[in-house]
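The structure under discussion appears below in the form of structure tokens.
The structure presented is a predicted model; accordingly, all values stated were derived computationally and were not measured. Naming convention: chains lettered A, B, ... in sequence-line order (proteins, then strands); numbering from 1 in each chain.
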Number of protein chains: 2
Amino acid sequence: MNTLTPVQQKFILHWGEMGTRWGINRTVAQIHALLYLSPKALNAEEIAETLTVARSNVSSSLKELQGWGIVKLVHVLGDKRDHFESMKDVWEMFRVVLDERKKREIDPTLTMLRECLIELEDEKAKDTYTGERIHAMRDFFETTTAWYQQIRTWPTNAVVPFVKLGDKVLRVLGIGGG
Amino acid sequence: MNTLTPVQQKFILHWGEMGTRWGINRTVAQIHALLYLSPKALNAEEIAETLTVARSNVSSSLKELQGWGIVKLVHVLGDKRDHFESMKDVWEMFRVVLDERKKREIDPTLTMLRECLIELEDEKAKDTYTGERIHAMRDFFETTTAWYQQIRTWPTNAVVPFVKLGDKVLRVLGIGGG
DNA sequence: AGGACATTTCTGTGAATACTGAAATTACAG
DNA sequence: CTGTAATTTCAGTATTCACAGAAATGTCCT
């Protein structure tokens, strides 16, 4: 896997671009893509060569990917170097990333919003509009995170039938205005 | 609204940080936050002063926000300057942003994945592992986008009862392994 | 303990991005 | 038309971010 097929290149390059759009370092995303496509665990040297990036850069990128929890260190018999492999189950992978982003970004935002509301209590009268808007925002995040908690563990095979139900869902559940 | 209260500052600053984490320019996000909190439409001058950024910067940021579809230009009687206001319904706002990100990022990714699979048909035999992985990825994106199409129009008041149902959901719907 | 190899941390450099202020353009009133 | 205010575009500057290479640390073997 030292030279990439055109298709592998295409995938890895696109994944890198996707990364940047969602606040993930391009190289980090590319390394992840490479490991995702690789049938065997790769060592840092191989990754650096294949993607032509500096060895040190690979090191820190791998650390970050491990921090996200979608790449892990493994050992290969008869080779003392560290090897790395990506999680392969796409559903699980995205669940892990979403969990992590929730922890890093959504939860702190909720904390911030709650703090704002507490601080506003004192000066309630003079600036109700801000309070209103922040209140609405907090409600949104609270509801959607609860929602996410609900569906994050759905088995893969639940989603397809769910989609198939289409408009019927809300009626069957007897909720919403549907 | 030329000087900000501590709470408003806190919110706007945090929103700016959130932006950067999700690939949105900090200033763009801050301007959006400011408009979201503002009870009345603001002109570019006011925004520039309040956030102490250059007038030209405000101009391009507003253009981007309009591109996302969450800020719109309005006119105030007796004032020929352009004024801007943010969408206020948080649910609607996030729906619009998600729709846009789907269009800009997810749909092209799906296209890329499909192209990869077409290109792989020819060389099917020699590199099935890559095909397998890309196939799994395409399935994931196809299923989740269909899922999103499904729920994106759920009325706000459908989500709360949905969450309340908890584990029962899958059983009631008779799907999944739950 | 010593030496070879592997890995991580650190620092300077280069590239990309964001931002400002000036200039150009546009819109509008008289 | 002319003058004024508003807006956008542009070009230079600054800041941030990504990266390579060197140095330091760690690991394993003998």
Side-chain angles (χ1 to χ4, degrees), chain A residues 2 12-13 15-35 40-68 71-85 104-105, chain B residues 2 12-13 15-35 40-68 71-85 104-105:
Chain A
N2 210 324
I12 290 169
L13 256 32
W15 207 241
E17 289 312 310
M18 276 287 276
T20 62
R21 299 243 180 181
W22 293 86
I24 308 282
N25 176 286
R26 178 180 283 109
T27 307
V28 171
Q30 285 182 353
I31 292 176
H32 172 247
L34 173 62
L35 291 176
K40 65 180 197 357
L42 303 176
N43 63 54
E45 197 66 32
E46 291 174 301
I47 296 170
E49 275 175 33
T50 308
L51 300 177
T52 52
V53 291
R55 177 68 188 72
S56 56
N57 199 4
V58 172
S59 175
S60 55
S61 297
L62 283 170
K63 230 179 152 186
E64 178 151 3
L65 284 167
Q66 286 172 279
W68 282 99
V71 160
K72 70 171 189 224
L73 192 154
V74 294
H75 285 285
V76 172
L77 249 71
D79 192 335
K80 67 177 177 177
R81 290 171 299 181
D82 292 349
H83 287 63
F84 301 88
E85 64 181 20
R104 295 186 193 187
E105 291 143 22
Chain B
N2 210 324
I12 290 168
L13 257 32
W15 208 240
E17 289 312 310
M18 275 288 276
T20 62
R21 298 244 181 180
W22 293 86
I24 309 281
N25 177 287
R26 179 180 282 110
T27 307
V28 170
Q30 285 182 353
I31 292 176
H32 172 247
L34 173 63
L35 291 175
K40 67 180 197 354
L42 303 176
N43 63 53
E45 197 66 30
E46 291 174 300
I47 297 169
E49 275 175 33
T50 309
L51 300 178
T52 51
V53 292
R55 176 69 188 72
S56 56
N57 199 5
V58 172
S59 176
S60 55
S61 297
L62 283 170
K63 232 180 152 184
E64 178 150 4
L65 283 168
Q66 286 172 278
W68 282 98
V71 161
K72 70 173 191 225
L73 192 155
V74 295
H75 285 285
V76 171
L77 250 71
D79 193 335
K80 67 176 177 176
R81 290 171 299 180
D82 293 349
H83 286 63
F84 300 88
E85 66 181 18
R104 295 185 192 187
E105 291 143 21

May I ask you to say what B:Asn43 touches in the nucleic acid, namely base, sugar-phosphate or nothing, with a heavy-atom cut-off under 4.0 Å?
-> nothing

Rounded to whole angstrom units, what separation is found between the CZ atom of A:Phe84 and the C1' atom of C:dA6?
-> 11 Å

B:Glu85 side chain near B:Val71 side chain, heavy-atom distance below 4.5 Å | no

Just to confirm, is there a sub-4.0 Å distance from OP1 or OP2 of C:dC19 to any side-chain nitrogen or oxygen of B:Asn25?
-> yes

To the nearest angstrom, the CD-P distance between B:Glu49 and D:dA6 comes to 12 Å

Separation of A:Asp82 atom CG from D:dC28 atom P, in whole Å?
-> 9 Å

Between B:Arg55 and A:Lys80, which is nearer to the 5' end of DNA chain C once each is assigned its nearest nucleotide?
-> A:Lys80

Test item: A:Leu62 and A:Leu35 side chains (from C-beta on) under 4.5 Å apart, heavy atoms | yes

Check whether any side-chain heavy atom of A:Glu17 lies under 4.5 Å from a side-chain heavy atom of A:Arg26, and answer yes or no.
-> yes

Please list, chain by chain and in numerical order, all residues satisfying salt bridge (charged side-chain N to carboxylate O under 4.0 Å, His left out) with A:Glu105, sequence neighbours excluded.
-> A:Arg101, B:Arg21

Provide, to the nearest angstrom, the distance between the CD atom belonging to A:Glu46 and the P atom belonging to C:dT7.
-> 11 Å

How is A:Arg26 classified with respect to the nucleic acid when contacts are heavy atoms under 4.0 Å: base, sugar-phosphate, or nothing?
-> nothing

Contacting residues from residues 58-68 of chain A, given that a heavy atom lies under 4.0 angstrom of DNA chain D | none

Less than 4.5 Å apart, any side-chain heavy atom of A:Ser59 and any of A:Lys63?
-> no

Does A:Ser60 use its side chain to pair, donor to acceptor, with the backbone of A:Asn57 at less than 3.5 Å?
-> yes

For nucleotides 21-25 of chain D, give me every protein contact, N/O to N/O, under 3.5 Å, one pair per line with atom names.
| from | atom 1 | to | atom 2 | distance (Å) |
| --- | --- | --- | --- | --- |
| D:dG21 | N7 | A:Ser56 | OG | 3.3 |
| D:dG21 | O6 | A:Ser56 | OG | 2.9 |

To the nearest angstrom, how far is B:Leu73 atom CG from D:dA6 atom P?
-> 14 Å

Do NZ/NE/NH1/NH2 and the carboxylate oxygens of A:Glu46 and A:Lys40 come within less than 4.0 Å?
-> yes

Can you tell me how far OG1 of A:Thr20 sits from CD1 of A:Ile24, rounded to the nearest 0.5 angstrom?
-> 10.0 Å

Quick one: B:Leu51 CG to C:dA18 C1', roughly how many Å, whole number?
-> 15 Å

Apply side chain to side chain contact (heavy atoms under 4.5 Å, CB included) to B:Thr27 and B:Leu51, showing your working.
-> CA-CA 9 Å; B:Thr27 307; B:Leu51 300 178; 5.6 Å; no

May I have the distance from B:Arg21 (atom CZ) to D:dT16 (atom P), rounded to whole angstrom?
-> 16 Å

Round to the nearest Å and state the distance from B:Arg81 atom CZ to D:dT7 atom C1'.
-> 12 Å

